[in-house]
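None of the values given here were measured: they were computed from a predicted structure. Whatever order the structure lists them in is the order used to number ligands and atoms, beginning at 1. One is the number of the first residue; the rest follow in order along the sequence.
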Amino acid sequence: MPSNPELSATTKRAEIVGAEVVSTGVVRVAVPTPLRKLFDYLPPEGLRADQVAIGSRVRVSFGRRHLVGIAVGHAADTDAGVSLKPIREVLDKRPALPPDLLELITWAAGYYHHPLGEALATALPVLLRRGAAEDARGEAIYALSASGWEAARTPPKRAPRQVALLTLLAGHPEGMARTALDAEDGDWNPTLRTLRDKGWLTLSHRSCLPPPVESVIQGPVPNIEQQAAIDAITSASGFTGFLLDGVTGSGKTEVYLRAIEFALAQRRQALVLVPEIGLTPQLVARFRARLAVPIAVLHSGLNDSERLCSWQQAASGEARVVIGTRSAAFTPLPEPGLFILDEEHDASFKQQDGFRYSARDVLLMRGRRSDVPVVLGSATPSLESLHNVERGRLQKLPLRARAGDASPPRVALLDMRAQPLNGGLSPRMWQSLERHLAEDGQVLLFLNRRGYAPVMSCHDCGWLPACSRCDANLVVHQREGRLRCHHCGHEQPIPRACPSCRSERLRPLGQGTERLEQELRKRFPEQTVLRIDRDSTRRKGALHDALDEAQSGRARILVGTQMLAKGHHFPNVTLVGIVDADGGLFGADFRAAERMAQQVVQVAGRAGRAERRGEVLIQTHSPDHPLLNTLIHADYATLAQSLMDERRAAELPPFSALALLRAEAHDLQIAQHFLRSARHEAERIGIAGVLILGPAPAAMARRAGKHRVQLLLQAPERAPLHRLIPGLLKRLDFLPSMRKVRWTLDVDPIEVV
Ligand code: ADP
Ligand code: ZN
Ligand code: ZN
């Protein structure tokens, strides 16, 4: 029930009309708090409640704090039975969230059982969330006017701030952005005002959208399958969900571009979502070269004002195409005509903390609600999407052949059993590397483990350095001389001697990308070796440079983690080596095999994308494993079918729905007790068809010093789960152990270990 957190004695304001007291109504506000309810406020002085537009940001008092919430409804009166506080300020002239978006987020908050206020806050750019004024004109740029330059030459006396600002701006004749100014010390607001009043400043606005290209590049003529896909998408009337299922290099991006051209010609906007790692300058450049319209980009590399600017350009309709990562699913678009989500199988589309939404599922729902076609694309579709094709919820658009002249690579397994390994590579892998390099090829080695070695051990006593806060070994980072925990960030210097037996014979065990890079440099001193992983690309722009280096073919040997596997074009790569395929075969998560297959196929797809036929070698200790054999003798689709059969038999998604209740506490007993009580409550509610599993320890039972336990809720369909969860969450609030644990609910979790 809505109520106001303030129990203070503010009296309800009313207008006196004649003898009657007429209420001005109340505004229902979603406030960013974990509390799962709305709060009523009076309208601000001089306004009726219904003059506060739904979707507007409002600043309200909440307890002792001031928060920015969203007006989500009006009511004649509160039923909270308390006196209400007025809204302090309405922050938007036009609602920050248009009705379609507000409804979409409201749906998503309900579906993921997340508090609406927090879900809305997650969807907004940080600056709007904090209450910044909306300014759709772009970033403010201050520069000196003619009289300002005069003043800079003969600075005013006894006005140090004015002099400082004049000097600062004189050093930037092209003008300074508001954010750049704010980065300099102090509050410039009063000084800016003074200088403007004196006529010493000019103020202009810079759009965050680079101007579109004057003449676009013509794309290749689509082949028959591409044309069929383009025709299907462009002739969809209203919502249709498509799965563009095309092998790597089959020209999916070409299909997107043609479909976008069509939407643009209908005066519509297009939204394209890609995985974080896939949103490279190369991708954006490709879109900009082909589409002569303003394109806004939204990704985590932007600063807050750039992000706000892109969002506003999309909201104003200025940007006709928006390319973004997960959270861009919530970008306001006044004229949406096409939604695309590339690499739809990618795990990065599911948010893993806070508001745990899936951008893929949100985008599908958005398409349905806005009656706009949605295209999901992948060379390795998720089993969920393949299942949706079977059920007729998605229409499949196959691209079976590689576009252009490229032919599919030859794939072979390399049996590593009893082989002498050197740097983790078998003799046959080394020979192939030599041959390809001698023939002027480019080679790519995939190893999804960064660092030098996954673990270190004492040769004399067997001591292994483990993280004191997690159930995990510390990873050796040789170059920096550090041991690091990849789960909590803990790090320490590599010890000189074993702390347990004082032996100095400490040895790194196993392979990481850093070690492989070192081995390759030793073996091929005349070649350029390039490593691409999270460590080597930390610096801003480093990934961009590395990808350029790899694409140009200057670097002949590429070593990397999954960062290398996603959607990049390396036209010169002739050999792809997968160093270790076994991890995925025996992973604990029920999606481990699916993920392994996707990774192998994606990495393999980097080989031979141009004229030269590629070769893929997969190292394994299980050369007879049926999964690997299906993968190399048949294809991903066949493998996906057999995985699908296993899931059906085991009643796992997509043949059931899951929700995971996780709890963390410093004390294991408390976490377990909380989930046992939760289980008890769930049983008392008793929804038929819901299976409750646990509480059980998480695969990593301790992380960052906290014990992690989980309770899995499973049902043949979604509906029973959604009937159970709201009641369960209400009861959790009353559990005494609730305050001592950190708990989260994950609907449709992508990892359940
Ligand atoms: P995907 O997105 O499926 O990996 P792309 O759209 O990036 O594939 O296409 C791969 C390569 O093939 C690109 O260099 C692209 O320009 C080229 N290509 C795509 N379609 C055609 C076509 N119909 N004819 C010739 N080349 C094509
Ligand atoms: Zn020892
Ligand atoms: Zn740790």
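- Q478 contributes no side-chain N or O that, together with a main-chain N or O of E514, makes up a donor-acceptor pair within less than 3.5 Å.
- In terms of modelled atom types and a separation under 3.5 Å, the side chain of Q226 and the main chain of N223 share a donor-acceptor contact.
- With I340 as the fixed residue, the side chain to side chain contact (heavy atoms under 4.5 Å, CB included) test singles out one of I260, L271, V374: I260.
- The shell of residues lying under 4.0 angstrom from ligand 1, judged by heavy atoms, includes P222.
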Please tabulate, for side-chain N and O atoms in residues 664-672, each donor-acceptor pair with protein atoms closer than 3.5 Å (sequence neighbours left out).
from : atom 1 : to   : atom 2 : distance (Å)
H666 : ND1    : G705 : O      : 3.2
D667 : OD1    : Q669 : N      : 2.9

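- Looking at Q227, R258, E225, K252, it is K252 that brings a heavy atom closest to atom 1 (P) of ligand 1.
- For R534 (side chain) and R450 (main-chain N/O), no donor-acceptor pair under 3.5 Å exists by modelled atom type.
- The Zn ion (ligand 3) does not have H486 among its coordinating residues (no N/O/S atom, backbone or side chain, under 2.8 Å).
- Close N/O approach between P220 and ligand 1 is not found [any backbone or side-chain N/O within under 3.5 Å].
- Remark: at the Zn ion (ligand 2), atom SG from C501 and atom SG from C461 enclose 110°, rounded to the nearest 10 degrees.
- The contact set between ligand 1 and N223, taken as ligand atoms under 4.0 Å from a residue heavy atom, comprises 23 (N).
- Ligand 1 has an N or O atom lying under 3.5 Å from an N or O atom of T253, backbone or side chain.
- Between the side chain of R356 and the backbone N or O of Q352 there is at least one donor-acceptor pair closer than 3.5 Å.
- Proximity to V221 (heavy-atom distance under 4.0 Å) selects the following atoms of ligand 1: 22 (C), 23 (N), 24 (N).
- Under the 3.5 Å distance criterion, the side-chain polar atoms of R662 are left unmatched by any main-chain donor or acceptor of R708.
- Looking only at distances, no side-chain donor or acceptor of E344 sits under 3.5 Å from a matching main-chain atom of S385.
- At a cut-off of 2.8 Å, H459 does not coordinate the Zn ion (ligand 2) through any N, O or S atom.
- Listed for the Q269 side chain is a donor-acceptor partner under 3.5 Å among the backbone atoms of A319.
- Residue contact annotation: H487 places no N/O/S atom under 2.8 Å from the Zn ion (ligand 3).
- Compare Q226, E254, R286 by their heavy atoms: the one nearest to atom 7 (O) of ligand 1 is in R286.
- A donor-acceptor pair is defined here as one N or O able to donate and one able to accept, closer than 3.5 Å; no such pair exists between the side chain of R606 and the backbone of V573.
- Vertex the Zn ion (ligand 3); arms to C488 atom SG and C467 atom SG; angle 100° (nearest 10°).
- Angle SG(C498) to the Zn ion (ligand 2) to SG(C458), rounded to 10°: 110°.
- Every atom of ligand 1 is numbered from 1 in the order shown, and the set under 4.0 Å from a heavy atom of G251 is 1 (P), 3 (O), 5 (P), 6 (O), 8 (O), 9 (O), 19 (C).
- Under a 4.0 angstrom heavy-atom cut-off, R402 registers as lying outside contact with ligand 1.
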